[in-house]
Protein chains: 2
Amino acid sequence: MRHVAALAGVGIKTVSRVMNDEPGVSEATRQRVLQASQQLNYQLDMAAGSLRRSGRQTLSIGLLLPSVANPFSSEIHRALEDTLSERGIAVFAASLDDNPEREKALVAAFLGRRVDGMVLTPIARSQAYVIPEHSRDLPMVFIDREPVGIEADAVVTDNAAGAARAAAHLLGHGHTRLAYFGDTPDIQTARERRRGFLEQLGQAGIPTSTVSVREGLRDVESARLAARAVLASDEPPTAIFSSQNLVTFGVMRALKELDASRRVALVGFDDFALADMMDPGITVIAQHPERIGRLAAERLLARIDGDDGAPRTYVVPSELIVRGSGELPPSY
Amino acid sequence: MRHVAALAGVGIKTVSRVMNDEPGVSEATRQRVLQASQQLNYQLDMAAGSLRRSGRQTLSIGLLLPSVANPFSSEIHRALEDTLSERGIAVFAASLDDNPEREKALVAAFLGRRVDGMVLTPIARSQAYVIPEHSRDLPMVFIDREPVGIEADAVVTDNAAGAARAAAHLLGHGHTRLAYFGDTPDIQTARERRRGFLEQLGQAGIPTSTVSVREGLRDVESARLAARAVLASDEPPTAIFSSQNLVTFGVMRALKELDASRRVALVGFDDFALADMMDPGITVIAQHPERIGRLAAERLLARIDGDDGAPRTYVVPSELIVRGSGELPPSY
DNA sequence: TTGAAAGCGCTAACAC
DNA sequence: GTGTTAGCGCTTTCAA
């Protein structure tokens, strides 16, 4: 900046004014400065600026996801970026990999970079460790799961209601022997989905004890094996609800291997690419990651802009998408 | 930092030493400083540090992708992150959406944030506009496509060789009436794939004029319609090569609608989730985004660490994955 | 309309 | 081992 000022023959403050589009500079000087900055290929240093600027914004935020490569996460990422880029805000994205230690380390890394806010998918048992920053007025929005041990904004899917809708759908098609295949109940969303599913069955007079419940399924292979085992039992279920994508894939594999895809009904939680191209198409409870991302971005911006209302949880409704697998009749 | 120094009763420089794990501080003072910093919930300001530090690294890099939500891109993103996070480097990710204007704007945004380097998927006609920064020694690695108008490192898939392998595979299964379905030839990778495919056919004595070539297919729907048209022609192809995921999906849809999935052979460029669950499984030329990402990260780190060898293009080989659709015999 | 001086939080260089 | 001073590139404040 000094160089630009020297070349243009003006004071350093005038260059600052021009680069920041501040008023109070004659058009002639403006042009001179602009030309000098072009010639020297000058770029304002945002970090140096925010060091001195009142308010001290860096125009960057931190985003913590299970994995940036996870399709659900990356759609949220995209929606956030679209909303924030209009304000010139850049996004640091990082992956957690179910590792609570990483959660804390990455939050610290974001803090060290003085982000203006954070969007987090919590995995540690408690998020109380960020209380000092949060109360120090660093905007934070939690997504997918509500935080524990701290009051903050959250944007989540209606997990229990969505799972209940899956249950009602299967009941409506005449099923009474059902199975629930789920992720580990350590995860709040998995617990909610199980609860919603089983409660809906209970209301229909189907005792929980007659439902095959398999949990702790974290990948395709464990889900596939669990499905094979349950389907080989004495009284196999006529319909399956899978609470998560990888679990759905595992169940699909097992059904295909047993040539049972058209005999056993299946509803999966979470939509996925090509679900309609399967045979039969896979009926799902779809989440709306783009809406979650957009809403989280809007809440974060509101907080950055000074909104100090009480923290709230925003619920994004899920949606039943009928494609065939969930409408198969009971086979016994 | 001043506050911490005051509370611990030491000089400011001593706090700096402790926070940066520099030697030359007695264990006793160290503990006192550490405790004071905990008490005040102090976090080192990286931006302020790099302002003064020689070398002036910000430990952040910029990543420009077609879209962070694109599965191929987000796997590259993930591999980059894994390699870079070991060095404490954070990643700014941004989406281009095929918009050359965005490319320049986002590069400018990264420069203003003084990233230590950039990984870019080029889409503008030329990348000459970054020559000043590149020669000013800002490390840059291009991925997926080679840059135009500037000499810089690049990491790409062996597009032509992969497409040639697809051609050879179909020829080996007896096909002589083939079709090429591709993205717009504006894109370097699309051109390369077409070239590799047609050249291989030419070497086998199949004149290009007998190959149905459909290009400019940018989405599932246009590919589906193109496939339906070609398959309804007088002498329909017995085998199809699709040069990109969305095109593959469109062709798959058309084949399903015409009940021709088991009659017309198909090889797609680029792998995708559930390809093996289709009926038949879809044979593909798989790219290795995780290897592209890792290699790009390694090259970028080498450049950041001062490697000033001549720029090079690194080619990551693709791989034929046999799943059924590419091994169907000719149907005439 | 313009510019000089101070200082944001930190580290380099050097003194003690 | 420890502290002091200067200054990174910028914006704020205030004077001209």
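Here is how names work: the chains are called A, B, and so on, in the same order as the sequence lines, proteins then strands, and each is numbered from 1. Everything numeric in this text was worked out from a predicted model, so none of it was measured.
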(message) Could you work out, with side chain to side chain contact (heavy atoms under 4.5 Å, CB included) as the rule, every residue matching A:R136, not counting sequence neighbours?
(response)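 Partners of A:R136 by the side chain to side chain contact (heavy atoms under 4.5 Å, CB included) criterion, ordered by chain and then number, come out as A:E133, B:N41.
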
(message) Enumerate the side-chain hydrogen bond (donor to acceptor under 3.5 Å, both in side chains) contacts for residues 145-156 of chain B, please, sequence neighbours excluded, ordered by first and then second residue.
(response)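 Applying side-chain hydrogen bond (donor to acceptor under 3.5 Å, both in side chains) to every pair that reaches into residues 145-156 of chain B, excluding sequence neighbours, yields B:E146-B:T313, B:D153-B:R303.
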
(message) Strictly by side-chain hydrogen bond (donor to acceptor under 3.5 Å, both in side chains), give each pair with a member in residues 57-66 of chain B just once, sequence neighbours left out.
(response)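 Non-adjacent pairs meeting side-chain hydrogen bond (donor to acceptor under 3.5 Å, both in side chains): B:T58-B:S60, B:T58-B:D116.
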
(request) Would you mind building the protein contact string for nucleotides 8-16 of chain C? One character per nucleotide, 5' to 3', B for base within reach (heavy atoms under 4.0 Å), S for sugar-phosphate only, - for untouched. (result) BBBBBB---

(request) With A:S67 as reference, evaluate B:E81, B:E75, B:R78 under the side chain to side chain donor-acceptor pair (under 3.5 Å) test and give the passing residue. (result)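 Of the listed options, the one satisfying the test is B:R78.
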
(request) Give the first and the last nucleotide of DNA chain D, reading 5' to 3', that has any atom under 4.0 Å from a heavy atom of chain B. (result)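 Contact span on the strand: D:dG1 to D:dG9.
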
(request) Can you pull out how bent the helix from C:dT1-D:dA16 to C:dC16-D:dG1 is, comparing the axes over its first five and last five pairs, to 10°? (result)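 The two end axes of the helix from C:dT1-D:dA16 to C:dC16-D:dG1 meet at 30°.
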
Under 3.5 Å, which donor-acceptor pairs link side chains of residues 8-19 of chain A to any protein atom two or more places apart or in another chain?
none

(message) Short of 4.0 Å, heavy atom to strand atom, which residues of residues 25-41 of chain A count as contacting DNA chain D?
(response)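 Under 4.0 Å from DNA chain D: no residue of residues 25-41 of chain A.
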
(message) Just to verify, what does B:F92 make a ring pair (Phe, Tyr, Trp, His ring centres under 6.0 Å) with, not counting sequence neighbours?
(response)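 For B:F92 the ring pair (Phe, Tyr, Trp, His ring centres under 6.0 Å) partners, ignoring immediate neighbours, are A:F92.
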
Applying salt bridge (charged side-chain N to carboxylate O under 4.0 Å, His left out), which residue pairs with at least one partner in [range] are found, sequence neighbours left out?
| range | answer |
| --- | --- |
| residues 31-44 of chain B | none |
| residues 39-50 of chain A | A:D45-B:R114 |
| residues 47-61 of chain B | none |

(message) How about CD on A:Q31, more than 12 heavy atoms from neighbouring residues, nucleotides or ligands closer than 6.0 Å, or not?
(response)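 Yes.
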
(message) Taking the basic N atoms (NZ, or NE/NH1/NH2) and the acidic carboxylate oxygens, is any pair closer than 4.0 Å for B:E27 and B:R30?
(response)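 A salt bridge links B:E27 with B:R30.
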
